[in-house]
2 protein chains.
Amino acid sequence: MGISDRKEREKEELKSLILSAAKKLFLQKGIEKTSIRNIADQIEYSPGIIYHYFRDKNEIFHALHQGGFQALMNKMMVLENVRHPLERLKAMGSIYIRFAIENPDMYDLMFIKEAPIDHVYDSEHDDWKEGSGTFDYLRLTVKECLEKGYFQGHQAEPLSFLIWSTVHGMVSLHIRKRCEVIQLEDRATIVDQSLEAFFKILDKI
Amino acid sequence: MGISDRKEREKEELKSLILSAAKKLFLQKGIEKTSIRNIADQIEYSPGIIYHYFRDKNEIFHALHQGGFQALMNKMMVLENVRHPLERLKAMGSIYIRFAIENPDMYDLMFIKEAPIDHVYDSEHDDWKEGSGTFDYLRLTVKECLEKGYFQGHQAEPLSFLIWSTVHGMVSLHIRKRCEVIQLEDRATIVDQSLEAFFKILDKI
DNA sequence: AAATTTAATTAAACAGTGTTTAAAAAAGCA
DNA sequence: TGCTTTTTTAAACACTGTTTAATTAAATTT
């Protein structure tokens, strides 16, 4: 079946061609200003072809956001060398925030925009496996901290969510430009300063 | 000058007519699906008229988000009866989160969407006074806590931002539907549970 | 090799969007 | 009443996501 193999291959190639064009335009102009026609122009096909590979625009951006989780996971891999669970937890926070600040559009897509998550709910497999995988890792580390005697009197699930919320809150206020309320002298460094304060709190509780 | 007084009045009336129509449609269908033509239909005028009262769509939603801050501030007014700064801080958190959960679309507009903040940057008076006013109140309370000896070793600005980030993180993950990662048994109550955990932490540091 | 079937691709249309412009209608003033 | 100013509208522009039927290209069969 050599022919259908090649056809399969060509289909995959065009699909990833669409995806890379979409990613390029998305990082240049944002999700709203990246149109199906823009993507089609970029790959020199007609707009209609895209609907043979993706159900709708949301599915394209869901596929893109998967790539973002892959990238974040890769950055998290250095944590395997950090034995101490509390140290690992802090390092996770630093990596998470660094990823968000360095890739604001991708972070936005992964954790703020409605497009990819809407696609999850619209499709048959209605669980957000990308997010769940990442949160599992956080929960595991928090549980390890609890086992080692840290965070006494706390439960893993709410505490994990609290920690996630804290770092997500900081970067999403930054990305969505709500940090103007911060005094000018602290504005540029507020996320780093607050993360330091957060680490100090984690040591104390 | 009775006539120009009436004209002034009529202008204001039409402006707030546009605004209330916009608000109604926005709460029904969201910002993206509320079109200028929808608003014009609702008030039984032609679409063009709207541009005599607002520069663009963003300005309309900036005006709406101001109303949201007014509503939030009103809810915060009960705090004047809470003397103890740490108790007031916690109550602020509860009110903030309650407001967000009960008015998700308005909260979204105020703290997540780019429309109102884009208008702030596009217009001449480029400071976000609505957000600044609210944050000032938080900072004041945190400072009072510091004066009373709480949160030793922390600075007001980073700590205030950290606290804001924590509550904003929780509700924005909820509003933007990223809470699916939470175990089913905790999912419905995760924000409340995490807020409780946060209060416990605030007591300890 | 030619005819037929299947798959890939496109052009065109639909129903919408925010915004601008020039024309028309209404209101105010002399 | 005639003139001027203000208010309002119709129409156009350049887009948008998506669906449909028609067309082109490729693969298979005769």
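Proteins come first, then strands; the chains are lettered A, B, ... in the order of their sequence lines, and each starts at number 1.
- Closest to the side chain of A:Ile49, from the set D:dT16, C:dT9, D:dT8, is C:dT9.
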Exercise for the section: Would you please test A:Arg176 and A:Asp108 for salt bridge (charged side-chain N to carboxylate O under 4.0 Å, His left out) and show each step? Expected result: CA-CA 9 Å; A:Arg176 290 299 174 101; A:Asp108 196 322; 2.7 Å; yes
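- When each of D:dG17, D:dT9, C:dT19 is scored by its nearest atom to the side-chain atoms of B:Lys57, the top-ranked nucleotide is C:dT19.
- Distances shown here put every side-chain N or O of A:Tyr51 at or beyond 4.0 Å from the OP1 or OP2 atom of C:dA8.
- At a threshold of 4.0 angstrom between heavy atoms, the contacts of A:Leu14 are confined to the sugar-phosphate backbone, with no base atom among them.
- Sorted by residue number, the list of members of residues 17-29 of chain A with any non-hydrogen atom under 4.0 Å from DNA chain C is empty.
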Completion exercise
Base-pair string, DNA chain C, Watson-Crick plus G-U, cut-off 3.5 Å on both distances, | for inter-strand, is |||||||.|||||||||||||||||||||.
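- To the nearest angstrom, C1' of C:dT17 lies 14 Å from CG of B:Asp56.
- Checked against a 6.0 Å centroid threshold, the rings of B:Tyr96 and B:Phe111 count as neighbours.
- Between B:Ile36 atom CD1 and C:dG16 atom P the separation is 16 Å, expressed in whole Å.
- For a distance-only test at 3.5 Å, the side chain of B:Arg37 fails to qualify as a donor-acceptor partner of the base of C:dG16.
- Listed for the B:Glu157 side chain is a donor-acceptor partner under 3.5 Å among the backbone atoms of A:Gln183.
- Atom-to-atom, OH of A:Tyr53 to P of C:dA7 comes out at 13 Å; the value is rounded to the nearest Å.
- The phosphate of C:dT17 has OP1 or OP2 within less than 4.0 Å of a side-chain N or O from B:Ser35.
- Summary of the strand contacts: A:Glu32 and A:Arg55 both lie near DNA chain D, and taking for each the nucleotide with the nearest heavy atom, the more 5' one is attributed to A:Glu32.
- Checked by atom type and distance alone, the side chain of B:Glu180 pairs as donor or acceptor with a backbone atom of A:Trp128 at under 3.5 Å.
- A cation-pi geometry, defined here as NZ or CZ lying under 6.0 Å from the six-membered ring centre and within 45° of its normal, holds between A:Lys15 and A:Phe54.
- In this entry the distance linking CD of A:Glu44 with P of C:dT9 reads 14 Å, nearest Å.
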Exercise for the section: Go through the steps to decide whether B:Arg178 and A:Met110 satisfy the test side chain to side chain contact (heavy atoms under 4.5 Å, CB included), and finish with yes or no. Expected result: CA-CA 9 Å; B:Arg178 259 67 176 191; A:Met110 293 159 74; 5.8 Å; no
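- Taking atom NE2 of B:His119 as the reference point, atom C1' of C:dG18 lies 15 Å away to the nearest angstrom.
- What separates NE2 of A:His52 from C1' of D:dA21 is a distance of 11 Å, to the nearest Å.
- Residue-environment remark: NZ (B:Lys29) exceeds the threshold of 12 foreign heavy atoms within 6.0 Å.
- In this structure, the NZ atom of A:Lys33 is 11 Å from the P atom of D:dT16, given to the nearest Å.
- Rounded to a whole Å, the OH atom of B:Tyr45 is 13 Å from the P atom of D:dA10.
- Proximity of the aromatic rings of A:His65 and A:Phe26 is defined here by a centroid distance below 6.0 angstrom, and this criterion is not met.
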Problem - Trace of the side chain to side chain contact (heavy atoms under 4.5 Å, CB included) decision for B:Glu144 with B:Leu89 - result: CA-CA 10 Å; B:Glu144 231 180 290; B:Leu89 185 65; over 6 Å; no
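- In this structure, the nucleotide among D:dT8, C:dT19, D:dG17 sitting nearest to the side chain of B:Ser46 is D:dT8.
- Judged by distance alone, with hydrogens and angles left aside, the side-chain atoms of A:Asn38 form no donor-acceptor pair with the main-chain N or O of A:Thr34 at under 3.5 Å.
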